[in-house]
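The model shown is predicted, which means the values in this text are computed figures rather than measured ones. Note on naming: letters A, B, ... go to the chains in the order of the sequence lines (proteins, then strands), and numbering restarts at 1 for each one.
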Amino acid sequence: MADAVLFEFLHTEMVAELWAQGPDPGPGVSAGPRRVGGGSEGRDEKGRKMNLSVLEGMGFRVGQALGERLPQETLAFREELDVLRFLCRDLWVAVFQKQMDGQRTHHQGTYVLQDSSFPLLVPMASGLQYLEEAPKFLAFTCGLLRGTLSTLGIESSVTASTAALPTCKFQVVIQQP
Amino acid sequence: MAVCVAVIAKENYPLYIRSTPTENELKFHYMVHTSLDVVDEKVSAMGKALVDQRELYLGLLYPTEDYKVYGYVTNSKVKFVMVVDSSNTALRDNEIRSMFRKLHNSYTDVMCNPFYNPGDRIQSSRPSTPW
């Protein structure tokens, strides 16, 4: 039963290690609530921007491997919605031992996946405290979603946002060919 | 016993192709290449047929006078193609399916290997495959 905790510890260490490598932030750097995964603009945050995409890249590679292993026994997916449902159920259960709470389609090609108690954010705080730290903890998971989708044949871009810990939303935008 | 085994990426280039009689390899490469058309046909036919369940095992793709070609497609659109000798009539469908399942498991292990970059050719450490 200690399995879930092992990944949480590893993830915490990954974030701490990659964040520490960034150059010392200048006195004027403030971190407001940022969106992760696209390009977080900042003044002298070049080190940080690099680190977030490194985390996302790691998540991408893991997602590619999981996208190969997890659906191995299931039958072929027929449409995008099947793939999204697979993400919310099987992938989330395999990685976080619980299912994702909500999935909504905004318009063609954009899906919003919502988790009301995201396991990697639950130990941090509940509410508005540490809102600015949340994006670094979501980068790996964005990459994970993007990697799994890419193995299953869907090119996408995934961004995450939090309004209040530990709820978070992952927005998946599918690139139309 | 399979005479030739091939793993084809979703962009239709071979990731791994190995045949047992090492002479005349080009003939098998050509056979695998032509079987890709049949695979695409089967996959699109299944998509249109609105069957409730879509199987990964495609079955016999096409028979020639000496060989039979079988196909299997994964959820990530990676195709496995196997060429077997027609004279070996003892091979049943179940055995072909189990061979494909083993191949799928090995391919999944390769994908999970962190030193493997998806899209590269697959290097096998053993010169001859055990099947």
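Hydrophobic cluster membership differs between Leu26(B) and Met31(B), with clusters built from Ile, Leu, Val, Met, Phe, Trp and Tyr side chains linked at under 4.5 angstrom. Cluster membership for Ile174(A) and Val112(A), using ILVMFWY side-chain heavy atoms within less than 4.5 angstrom, is not shared. Met58(A) and Phe7(A) end up in the same hydrophobic cluster when Ile, Leu, Val, Met, Phe, Trp and Tyr side chains are linked at under 4.5 Å. No continuous path of ILVMFWY side-chain contacts below 4.5 Å connects Val173(A) to Leu144(A), so the two sit in separate hydrophobic clusters.
For chain A, the nearby parts of Asn105(B) are the backbone and the side chain; heavy atoms of each come within less than 4.5 Å. For Arg61(A), the part lying under 4.5 angstrom from a heavy atom of chain B is the side chain only.
Counting heavy-atom pairs closer than 4.5 Å to chain A, the top residue among Met111(B), Arg101(B), Lys10(B) is Met111(B).
From Arg69(A), atom CZ reaches atom CG of Asn75(B) across 14.5 Å, with rounding to the nearest 0.5 Å.
Atom OH of Tyr30(B) has 12 or fewer neighbouring heavy atoms from other residues, nucleotides or ligands inside a 6.0 Å radius.
Between Pro118(B) and Gln64(A), the closest heavy-atom pair is CG-OE1, 3.1 Å.
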